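These notes concern the structure reproduced below.
Worth saying up front: this structure is predicted, and the values here are computed from it rather than measured. Chain naming here is simple, since letters A, B, ... match the order of the sequence lines and numbering starts at 1 in each.
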Amino acid sequence: MKQDKNYWLLKSEPNCYSIDDLKRDKKSVWSGVRNYQARNFIRDNMKKGDGVLFYHSNSNPSEVVGIAKILTNPFADPTVFEKRNEQYDQKSTIENPIWYAVDVGFVKKFKTPITLQKIKSDNSLKNMTVAQKGSRLSVMPVLQKHFHFFENL
DNA sequence: GCCAACGTTGGC
DNA sequence: GCCAACGTTGGC
């Protein structure tokens, strides 16, 4: 695993879990990811101390609303073991998990969010993965230079 | 292993 | 609500 700090964009639907929820809770378990590509990012590259852009998807408008940070290294997604969860029956164990989660901590909420439209129209931001057509991943890597733009807002 | 059918995501 | 862009499922 690389030593350098990595940066991520995490999507959440605000009516499900918003930046205000994270601000209130201070931290939250980022669980329930059931996409293999997103899983691989979490499992293989995400680690304690990484930076996070918090993004509201399916929103009006969709936008980056704040900064968060990764508080833990990846661990077995606990929602897999909930009996009423449809994932309960699969062969995911603590020793050999299929799905992973991390703890995410609140850092700050922007006074003015950066809309997807703004990202797409900004020459230095428009090549971000989130601005690309058809990108549906809920977890995606972010370049350091892009993270710094948001961090310095 | 191919691929059609179906389900989901998410911008608009 | 529409639909493009995926991902998943299952018959063959």
Side-chain angles (χ1 to χ4, degrees), chain A residues 6-25 27-46 50-70 74-151 153:
Chain A
N6 289 322
Y7 303 94
W8 307 98
L9 183 143
L10 296 182
K11 284 183 187 174
S12 184
E13 301 193 16
N15 57 7
C16 178
Y17 196 83
S18 73
I19 187 77
D20 291 321
D21 294 325
L22 185 62
K23 184 177 183 181
R24 179 198 63 217
D25 297 340
K27 66 173 191 172
S28 178
V29 182
W30 208 260
S31 58
V33 173
R34 297 292 183 271
N35 172 285
Y36 285 104
Q37 204 179 339
R39 186 281 308 269
N40 292 345
F41 283 136
I42 296 172
R43 184 189 61 184
D44 303 335
N45 296 102
M46 201 176 268
D50 285 356
V52 171
L53 301 180
F54 199 99
Y55 181 83
H56 282 173
S57 63
N58 263 319
S59 183
N60 189 18
S62 294
E63 54 198 1
V64 178
V65 290
I67 305 279
K69 63 184 171 185
I70 303 298
F75 51 89
D77 186 333
T79 63
V80 167
F81 306 105
E82 292 167 10
K83 284 197 174 179
R84 294 182 59 95
N85 192 295
E86 60 179 25
Q87 302 279 349
Y88 178 66
D89 235 1
Q90 72 184 25
K91 297 184 293 184
S92 188
T93 64
I94 295 286
E95 294 77 20
N96 191 20
I98 296 173
W99 304 110
Y100 287 79
V102 288
D103 283 352
V104 172
F106 177 80
V107 175
K108 71 171 171 180
K109 177 185 174 180
F110 300 144
K111 289 197 181 81
T112 306
I114 304 299
T115 63
L116 181 61
Q117 186 185 19
K118 172 106 193 286
I119 291 171
K120 284 179 172 175
S121 63
D122 187 304
N123 278 332
S124 64
L125 298 178
K126 66 184 180 188
N127 57 346
M128 288 180 70
T129 311
V130 73
Q132 267 140 40
K133 199 168 143 188
S135 98
R136 301 186 307 161
L137 281 177
S138 59
V139 177
M140 51 181 82
V142 170
L143 294 177
Q144 186 181 57
K145 64 175 181 178
H146 290 143
F147 186 82
H148 282 162
F149 170 87
F150 292 93
E151 195 176 36
L153 284 175

(Q) Counting only heavy atoms and a strict 4.0 angstrom limit, can you tell me which residues of residues 123-141 of chain A come near DNA chain C? (A) K133(A), G134(A), R136(A)
**Q.** Residue pair V139(A) / W8(A): nearest heavy atoms and the distance that separates them
**A.** CG1-CE3, 4.1 Å
Q) Quick one: do D20(A) and K23(A) make a salt bridge, cutoff under 4.0 Å? A) no
Q: For the residue pair W99(A) and Y36(A), categorise the inter-ring angle as parallel (less than 30°), tilted (30 to 60°) or perpendicular (more than 60°).
A: tilted
Q. What is the distance from CD of E63(A) to C1' of dG10(B), rounded to the nearest Å?
A. 15 Å
Q.
Would you say Y36(A) places a side-chain N or O within less than 4.0 Å of OP1 or OP2 belonging to dC6(C)?
A. no
**Q.** Whole-Å gap separating P (dT8(C)) and CZ (R39(A))
**A.** 10 Å
Q: Give the rounded distance in Å between these two atoms: NZ of K120(A) and P of dG11(B).
A: 8 Å
Q.
Can you confirm whether Q117(A) is buried at CD, in the sense that more than 12 heavy atoms of other residues, nucleotides or ligands lie under 6.0 Å from that atom?
A. no
Q. In whole angstrom, what separates N35(A)'s CG from dG10(B)'s C1'?
A. 14 Å
(Q) What is the separation between atom CD on E13(A) and atom C1' on dT9(B), rounded to the nearest whole Å? (A) 8 Å
Q. Please, which pairs that meet side chain to side chain donor-acceptor pair (under 3.5 Å) have at least one residue in residues 54-69 of chain A, sequence neighbours excluded?
A. E13(A)-N58(A)
Q) What is the distance, rounded to the nearest whole Å, between atom CD of Q117(A) and atom P of dC12(B)? A) 8 Å
Q.
Less than 4.0 angstrom between a side-chain N/O of S62(A) and OP1 or OP2 of dG10(B), yes or no?
A. no
Q.
Without decimals, in angstroms, what is the distance between W99(A) CH2 and dG7(C) C1'?
A. 11 Å
(Q) So that I can tick it off, tell me whether R34(A) and D77(A) are bridged by a salt bridge, with the cut-off set at under 4.0 angstrom between side-chain N and carboxylate O. (A) yes
Q | Candidate nucleotides dT8(C), dC12(B), dG10(B), ranked by approach to the side chain of L116(A) - the nearest | A | dC12(B)
Q: Send over the distance from K11(A) NZ to dA5(C) C1', rounded to a whole Å.
A: 11 Å
**Q.** Qualifying side chain to side chain donor-acceptor pair (under 3.5 Å) pairs with a residue from residues 126-143 of chain A, counting only residues at least two apart or across chains
**A.** N123(A)-K126(A), N127(A)-H146(A)
